[in-house]
Amino acid sequence: MKFKWAWVWIILGIVYFFLPLVATINFSLKAERGRYSFRAYQIVLQDPQFISSFTLSIQIALLTIVFSLLLIVPTVYWAHLRLPQVRPILEFIAFLPFVLPAVVLVFGLIRIYSGPPFALFNRAWGTNLIMVGAYMALALPYMYRSVDTGLRAIDVRTLTEAAQSLGASWPVILWRVIFPNLRTALLSGAFLTFAIVIGEYTIAAFLGRFTFGPYLALLVRNRAYEPAALSILSFAITWSIMGLIQWLTYRAPGSTQVAAGPR
Amino acid sequence: MPFLEIEHLHKQFGTLNAVADFNLQMHKGEFVSLLGSSGCGKTTALRMIAGFEAPTGGIIRLNGRDVSRVPANRRHIGMVFQSYALFPNMNVADNIGFGLKIKGQPAAAIQAKVHELLALIQLPDKGRSYPYQLSGGQQQRVALARALAIEPQVLLLDEPLSALDAKTRVELRQEIRDIQKKLNMTTIYVTHDQEEAMSLSDRVVVMNKGVIEQIGTPFAIYNYPKTAFTASFVGQLNVLPVTVTDGAAGECRFYDQPLKLKEAFAAANQSTATIALRPEELRLGQQDGHNHLTGIVENNTFLGAIIRLRLRVEQTTLLADLFNERQMVIPRDGETITINFPPHACWILDNQLN
């Protein structure tokens, strides 16, 4: 009896998650009257605005990932190694973005950076820089969690000391020992950050940068089939990145035994 | 001149004296063990020598140079950890070659050294394996090779065999000693296992509550313990409460059984004292000129080469380790037997043991 109900719930779940997806795919293929075609996809992919906005989003996402990693990995590593008492504080800070709406964040940024002494909005690079900073804050909880989990899984202190006794300096330890052993954690953190930045609308819209989020919003307002095609495209991109992470994780050497502990 | 000199080394964590007034001199190629129970400060002392902990006070001199404030990565001291600490992302060859790569040695030289060390640790064909593909014993061998690759001035081992099974432990400890002798490597070995410390070391440092109790050869530590702690910590020990009858002549009474010792009692006649006796000094039966005790066998344990008897004499339990012989008749539980031991086998403990 129990078993039967389990199946009912599973099927309901599948329907709930996949029906909209199937419907969207179906709709996105109906741009031409009376037959299925990839017309909507063609239009989207040939749209210069799509290409420019998507490229900008990717650039900003990559910068956000690089700066987040440079900030978070050494900080959390040091907290694990030498300052375990500050870990609860870091955790608290890392979760603050959850309670801070993007709208509030962006208005704060505009207030501070639109006039002297930090008049950064006068230039495109200045605005991009502020966007990267804002996205770093938005992605902080995800990135922090990934790095923290990754560091918990390895014996940070002993690995560090082993490397030190072999003559390694701090940058060498981070680059050759810590980063490679956090590969999976860093990839998942980077992926989440990427997903957040690619889909972000509020901050980009208020800062007046035409990234992928505002482009999608514009498209939804003006077109019928193309937004559906674009949604399916984002799905495909997301899922391929997830698959890529799985694949990299699976073939990472030593990944089946993350901790170098006794057994 | 000693190769490694440690003078008045001291480490304080808050109000806790983890290590106090630690003094040790080692010559080149010597193997010294730090022996003590957990929390005795042996690992803290080792970590200060390695440079992982900053001493609160004292000097560590290596080859005549004060290294107390030199960072760990510039001390040129090799370290082997209990948890192996191999880099999981690197294969065995890369692990061993890591220190040389950091030094910027040419690839060919690194390869040659790795090859040589893999042969030394008897894993010549494991260079391409990853740590997770190796057994614990193999991983610890690789960790040893990695530490030796940089040709350190001193090799430190922090309970390297604790995580291994008994058989591997005995095999590997002999290998460690062989390699150490072959390379004439100055080595400090931290352990809580007295058998390990005894069998490996030129000298043993017994530690208790952050303080050195005694430094000496395994023979001296075992047979001539200077403190009550050393006597009780190293090996099994029978402790007998006695009443002094003729202190100057070394005569006393254990309950109502008279005993004679080789040394004189400092305590006055009719006062109480404590004497110590190793279980292996006891023999079955009577022998002229020896002390004799009569007691009841509580139980016997057959350990192969040794038969361990637990004997009750009044309120005191004694252990007697008898060598196994094929024609021997093992006393049964509950049987009353007489055992003997020579006068020189006992010594008087300077303070009361618990």
Side-chain angles (χ1 to χ4, degrees), chain A residues 69 73-74 77-78 80-85 147 149-188 245 247-263, chain B residues 47 49-53 71-91 94-105 128-137 139-140 142-143 146-150 152 154-156 158-165:
Chain A
L69 289 179
V73 176
Y77 165 65
W78 198 251
H80 268 262
L81 190 67
R82 290 288 158 85
L83 300 166
Q85 68 273 20
V147 174
T149 311
L151 283 169
R152 270 171 214 266
I154 57 174
D155 186 352
V156 174
R157 192 168 112 157
T158 317
L159 287 181
T160 302
E161 286 175 354
Q164 272 183 307
S165 74
L166 295 167
S169 58
W170 290 114
V172 171
I173 294 171
L174 267 175
W175 188 247
R176 293 253 175 92
V177 178
I178 301 302
F179 268 103
N181 284 308
L182 289 181
R183 177 150 76 169
T184 313
L186 298 186
L187 272 174
S188 61
I245 288 177
W247 180 69
L248 283 171
T249 310
Y250 181 72
R251 43 157 247 133
S255 58
T256 43
Q257 191 223 6
V258 265
R263 30 185 213 147
Chain B
R47 291 174 57 79
I49 300 168
F52 301 142
E53 290 300 343
N73 61 345
R74 279 192 239 134
R75 279 197 193 187
H76 220 71
I77 290 179
M79 179 97 176
V80 175
F81 300 84
Q82 183 183 347
S83 59
Y84 326 136
L86 294 178
F87 305 127
N89 57 310
M90 298 178 204
N91 64 25
D94 289 342
N95 262 288
I96 297 176
F98 183 81
L100 300 174
K101 201 170 174 184
I102 284 171
K103 272 195 195 165
Q105 295 217 355
R128 286 172 177 277
S129 303
Y130 279 89
Y132 71 93
Q133 295 168 318
L134 304 179
S135 71
Q139 288 191 56
Q140 198 57 297
V142 174
R146 182 179 66 174
L148 291 172
I150 56 166
V154 177
L155 178 66
L156 307 177
D158 187 7
E159 309 234 10
L161 307 178
S162 300
L164 303 174
D165 61 84

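Scope of the values below: all heavy atoms of this structure, side chains included, with no hydrogens, waters or symmetry mates. To find a chain, count down the sequence lines: A is the first, B the second, and so on, and within it residues start at 1.
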Between [X] and [Y] (side chain of the first, backbone of the second, donor and acceptor by atom type, cut-off under 3.5 Å), is there such a pair?
X	Y	answer
B:H76	B:I150	yes
B:N95	B:M90	yes
B:Q133	B:Y130	yes

Among the listed options B:M79, B:K103, B:R74, B:R47, the residue most often paired with chain A at heavy-atom distances under 4.5 Å: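 Going by pairs under 4.5 Å, I would pick B:R47.
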Heavy-atom pairs under 4.5 Å with chain A are the metric here; pick the option from B:D165, B:L156, B:N73 that has the most.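 When all of B:D165, B:L156, B:N73 are compared, B:N73 has the most.
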Checking A:R176 against chain B: side chain, backbone, both or neither under 4.5 Å from a heavy atom? both
Does any backbone or side-chain atom of B:A50 lie under 4.5 Å from a heavy atom of chain A? Answer side chain, backbone, both or neither. neither
Region of B:I77 that comes under 4.5 Å of a non-hydrogen atom in chain A: backbone
Taking the side chain as every heavy atom from C-beta outward, state whether B:F87 and A:L166 have any pair of such atoms under 4.5 Å apart. yes
A:W78 vs A:W170 aromatic rings, parallel, tilted or perpendicular, using cut-offs 30° and 60°?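 Perpendicular: the ring planes of A:W78 and A:W170 meet at over 60°.
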